[in-house]
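Here's the structure we're looking at; comments come further down.
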Amino acid sequence: TRIEPQAFTKVSALGVEEQRVNVIGALQEVPPGLGAEYRVDVAIVVAEIADALTVPAGALFRRGEQWQVFAVEDGRARLRAIEVGQRNRDYAEVRAGLEAAAEVIVFPSDLVVDGGRVRAGE
């Protein structure tokens, strides 16, 4: 029924600062036996894009102002600058810079370099 207009910072148990915003909702029907202090888990959809090209969020990294990924081509890592659209904690929409059939490296270490040899599963 309401999204509060201002976010607040909360530090997680792991020490990560997170921006949060309260969302106030109302049940249309109250289940029988529902008492005080219940918890509701919800997923809020902020965008839906049919046939979007996505990559795992762990494949993204920034160099300067540009989002990049390492794509695997012929057994080599190839650096690709991409244009990112919508994102969530798991996936990012790729608007430009990557083909639909491309394989990307998730959580690339600093040992991965453009043109370096790579093998699946390593």
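Along the sequence shown, residues carry numbers from 1. As the structure is a prediction and not an experimental result, all values here were calculated from the model.
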Check for me, please, whether V69 and V72 land in the same ILVMFWY cluster - side-chain distances under 4.5 Å, paths through other members count. no

Kindly list each side-chain donor-acceptor pair under 3.5 angstrom involving residues 88-116, sequence neighbours excluded, with atom names and distances?
| residue | atom | partner | partner atom | Å |
| --- | --- | --- | --- | --- |
| N88 | OD1 | D90 | N | 2.7 |
| N88 | OD1 | Y91 | N | 2.7 |
| E93 | OE1 | Q86 | N | 2.9 |
| S109 | OG | L111 | N | 3.1 |
| D114 | OD1 | L79 | N | 2.8 |

Could you pull out all donor-acceptor pairs under 3.5 Å where a side-chain atom in residues 15-30 meets a protein atom, sequence neighbours excluded?
| residue | atom | partner | partner atom | Å |
| --- | --- | --- | --- | --- |
| E18 | OE1 | R20 | NE | 3.2 |
| E18 | OE1 | R20 | NH2 | 2.6 |
| Q19 | NE2 | T9 | OG1 | 2.6 |
| N22 | ND2 | E4 | OE1 | 3.2 |

Counterpart residues, side-chain hydrogen bond (donor to acceptor under 3.5 Å, both in side chains), relative to Q66 (two or more places apart): none

Residue pairs passing the ring pair (Phe, Tyr, Trp, His ring centres under 6.0 Å) test with at least one member in residues 43-65, sequence neighbours excluded, are F61-F70

Can V45 be reached from V42 by stepping across I, L, V, M, F, W or Y side chains whose heavy atoms are under 4.5 Å apart? no

Might you point out which heavy atoms bring R87 and L60 nearest each other, and give the distance in Å? CD-CD1, 4.1 Å

Sorted by chain and number, sequence neighbours left out, side chain to side chain contact (heavy atoms under 4.5 Å, CB included) with R62 holds for E65, W67

Sorted by chain and residue number, the side-chain hydrogen bond (donor to acceptor under 3.5 Å, both in side chains) partners of R78 (sequence neighbours excluded) come out as none

